[in-house]
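Here the structure is laid out as structure tokens; the discussion comes afterwards.
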Amino acid sequence: AFDVILQKSGKTVTVPEDRSILEALRDAGFATVSSCESGTCGTCKTRLISGSVDHRDMVLMDEEKEDRIMICVSRAKEGNLVLDL
Ligand code: FES
């Protein structure tokens, strides 16, 4: 598990191994937008403030991977992630 820190909301949500970031946010009561939930449609693109991401989507261009994350499939590579949510 790892934590996502939601900078705008001032909240921290733990993402268990068997849940996506998107699911964990939804479980915690956040309204999230998604569609495919498989890393292909681009709907769930979220701004990444900091953290090391294991990108598992097929949407982001290489140059976007620095500061964007598809939260339906991608995870933290190590440590926690800070998102602009
Ligand atoms: Fe489609 Fe995440 S919901 S890429």
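Values reported hereafter were calculated over all heavy atoms of this structure, with side chains retained and with hydrogens, waters and symmetry mates removed. Order of appearance sets the numbers: ligands from 1, and atoms from 1 within every ligand.
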Less than 4.5 Å apart, any side-chain heavy atom of [X] and any of [Y]?
| X | Y | result |
| --- | --- | --- |
| L85 | L25 | yes |
| L83 | Q7 | no |
| V53 | K65 | no |

Using a 4.0 Å cutoff against the non-hydrogen atoms of [X], which atoms of ligand 1 qualify?
| X | value |
| --- | --- |
| S35 | 3 (S) |
| M70 | 4 (S) |
| G39 | 4 (S) |
| G42 | 1 (Fe), 4 (S) |
| E37 | 1 (Fe), 3 (S) |

Are more than 12 heavy atoms, taken from residues, nucleotides or ligands other than E64, located less than 6.0 Å from that residue's CD atom?
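Yes - once you tally the heavy atoms of other residues, nucleotides and ligands closer than 6.0 Å, there are more than 12.
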T40 contact mode with ligand 1 (heavy-atom cut-off under 4.0 Å)
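Backbone only.
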Please find out if atom 2 (Fe) of ligand 1 and some N, O or S atom of C36 are separated by less than 2.8 Å.
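No, since none of the N, O or S atoms of C36 sits under 2.8 Å from atom 2 (Fe) of ligand 1.
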Would you say C41 reaches atom 1 (Fe) of ligand 1 with an N/O/S atom under 2.8 Å?
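Coordinating: yes.
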Carefully, step by step, assess T12 and D3 under the rule side chain to side chain donor-acceptor pair (under 3.5 Å).
CA-CA 6 Å; T12 299; D3 286 345; 5.9 Å; no
Side chains of R26 and S34: any donor to acceptor distance under 3.5 Å?
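The criterion, which ignores hydrogens and geometry beyond distance, is satisfied for R26 and S34.
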